[in-house]
Amino acid sequence: MYRAIAQDIIKSIIAGDYETKLPTEKVLMARFNASRNTIRKAIDVVFRHGLLRRVQGSGNFIIKQPDDSATVLNLSIGFDRAAMVEGGPLVSKIVTFDKIKADEKLAKQGNIELGDELYRVVRLRYLKDCLYDLEESYFPRAIVPFLSEESVQQSIFTFLRDAYGITGSTTENYVHQVRLTAERAKLVGLPIGDKTMCLDGINYLASGDVFNFSTTYFVYEDLELYYHTENIDLEN
């Protein structure tokens, strides 16, 4: 339950419903009909996703994004990036939806076994009618037994949570620049060989099993990245 509450709070923050700080725990308890412990766990999730600054004795303050940025991609948000993009949610257009077996390249990329059966989902995603990214996602069928065309049109992570109780535990992200192949350049409407920002991601369950890995090619103009970290005292 706390994860759903955290997701609702994050959406509200991005929508600008909370300008300066979160409401008190008591107000949130009444709003979500939840216990204090559940609300605290939800707030902790929001904090770990880089949207809150805790001030002892004063509450949880909203971390403001730069005013001069058209859109900021928060890499600390892992469970539903489609819904968490400022100005979203993103609208998807399916390019490919099928089942394939992992070749050597996919097995290495997704930290899975050669020959594992996968759902492959290739989508163009749009923000306010402008192309935002090209996403190539893979879901091992050993973990995700069924996806439908309807489910991949919307938030796949929401479907996985509601249908199978699948929620990510950890995510590995690697951001780099790549040159567009002829096929990908045609899909996004850019010249062959153009450089674009690329995000390789792997999502793990608490068991350590991979339930999703993907490569996303961002083409949205003036996109900026944000990442939240917690300081660790290595001397203690």
Side-chain angles (χ1 to χ4, degrees), residues 3-4 6-7 45 49 73 75-85 88-126 131-188 192 196-219:
R3 291 181 182 274
Q7 187 169 5
V45 170
H49 284 79
L73 177 63
L75 293 181
S76 298
I77 298 179
F79 50 75
D80 193 353
R81 197 168 287 117
M84 302 307 171
V85 172
L90 301 178
V91 176
S92 298
K93 176 183 177 182
I94 305 302
V95 177
T96 304
F97 174 51
D98 58 7
K99 288 180 283 189
I100 62 172
K101 291 190 175 181
D103 58 17
E104 288 188 12
K105 182 178 178 181
L106 288 176
K108 182 177 180 181
Q109 177 186 348
N111 196 19
I112 58 174
E113 297 295 325
L114 181 67
D116 279 1
E117 191 169 14
L118 307 167
Y119 276 111
R120 174 174 59 179
V121 183
V122 180
R123 304 187 291 183
L124 292 170
R125 302 196 299 173
Y126 296 83
L131 184 59
Y132 187 80
D133 64 42
L134 167 64
E135 178 191 79
E136 301 170 356
S137 294
Y138 303 89
F139 301 85
R141 294 200 66 212
I143 306 297
V144 181
F146 178 74
L147 285 176
S148 66
E149 286 209 32
E150 181 180 0
S151 67
V152 300
Q153 292 280 355
Q154 308 299 326
S155 167
I156 301 177
F157 281 16
T158 298
F159 172 80
L160 295 181
R161 183 192 66 218
D162 294 344
Y164 300 114
I166 292 176
T167 56
S169 175
T170 58
T171 300
E172 297 174 1
N173 289 321
Y174 173 55
V175 181
H176 55 119
Q177 282 195 320
V178 298
R179 294 191 182 276
L180 292 171
T181 63
E183 181 180 5
R184 292 177 182 127
K186 182 178 180 180
L187 285 172
V188 300
I192 298 172
T196 187
M197 184 171 67
C198 177
L199 172 65
D200 291 328
I202 306 178
N203 294 289
Y204 295 89
L205 302 176
S207 63
D209 293 320
V210 174
F211 74 91
N212 163 255
F213 62 97
S214 63
T215 300
T216 305
Y217 304 88
F218 295 98
V219 296

So how far is it from [X] [atom1] to [Y] [atom2], rounded to the nearest 0.5 Å?
X      : Y      : atom1 : atom2 : result
Tyr217 : Arg179 : OH    : CZ    : 14.0 Å
His176 : Met197 : NE2   : CE    : 10.5 Å
Ile156 : Ile166 : CD1   : CD1   : 12.0 Å
Ser151 : Asp162 : OG    : CG    : 11.5 Å
Ile143 : Ser207 : CD1   : OG    : 6.0 Å
Leu199 : Tyr174 : CG    : OH    : 11.0 Å

(request) Output all residues satisfying side-chain contact (heavy atoms from CB on, under 4.5 Å) with Lys99, sequence neighbours left out; order by chain, then residue number. (result)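 Lys99 satisfies side-chain contact (heavy atoms from CB on, under 4.5 Å) with Glu117, Tyr119, Arg141 once adjacent residues are dropped.
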
(request) Would you please name every residue forming a side-chain contact (heavy atoms from CB on, under 4.5 Å) with Val91, sequence neighbours left out? (result)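 By the side-chain contact (heavy atoms from CB on, under 4.5 Å) rule, Val91 matches no residue at all.
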
Could you tell me if the side chain of [Y] sits less than 4.5 Å from the side chain of [X], heavy atoms only?
X      : Y      : answer
Val178 : Cys198 : yes
Val121 : Phe139 : yes
Thr215 : Gln109 : yes
Asn212 : Ser137 : yes
Ile94  : Glu149 : no
Glu135 : Leu90  : no
Tyr204 : Asn111 : yes
Thr158 : Gln7   : yes

(request) Please assess Leu106 against Ile100 for the test side chain to side chain contact (heavy atoms under 4.5 Å, CB included), listing each intermediate value before the final yes or no. (result) CA-CA 10 Å; Leu106 288 176; Ile100 62 172; 3.7 Å; yes

Which pair of heavy atoms, one from [X] and one from [Y], lies closest together, and at what distance?
X      : Y      : answer
Leu131 : Arg125 : CD1-O, 3.5 Å
Leu114 : Ala102 : CD1-O, 3.4 Å
Leu180 : Arg184 : CD2-CB, 4.2 Å
Arg123 : Ser92  : NH1-OG, 3.5 Å
Phe97  : Leu147 : CZ-O, 3.4 Å

(message) When you measure from the side chain of Arg161 to the backbone of Ala4, do you find a donor-acceptor pair of N or O atoms at a distance under 3.5 Å?
(response)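 No, the answer is negative, given that no donor and acceptor are paired below the 3.5 Å cut-off.
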
(request) Walk me through it: do Leu118 and Phe213 pass the test side chain to side chain contact (heavy atoms under 4.5 Å, CB included)? (result) CA-CA 10 Å; Leu118 307 167; Phe213 62 97; 4.1 Å; yes

(message) Please tell me whether Phe146 and Phe159 form a close aromatic pair, meaning their ring centres lie under 6.0 Å apart.
(response)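 Here the rings of Phe159 and Phe146 have centres that are no less than 6.0 Å from each other.
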
(message) Can you tell me which residue among Asp200, Ile202, Asn203, Val210 is in a side-chain contact (heavy atoms from CB on, under 4.5 Å) with Glu172?
(response)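 Only one of Asp200, Ile202, Asn203, Val210 forms a side-chain contact (heavy atoms from CB on, under 4.5 Å) with Glu172, namely Ile202.
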
(message) Determine whether Thr196 and Leu134 satisfy the following criterion, side chain to side chain contact (heavy atoms under 4.5 Å, CB included), listing intermediate values before the conclusion.
(response) CA-CA 11 Å; Thr196 187; Leu134 167 64; over 6 Å; no

(message) Is it true that, when you exclude Gln177 itself, more than 12 heavy atoms of the residues, nucleotides or ligands shown sit nearer than 6.0 Å to its CD?
(response)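 More than 12 heavy atoms, drawn from other residues, nucleotides or ligands, come within 6.0 Å of this atom.
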
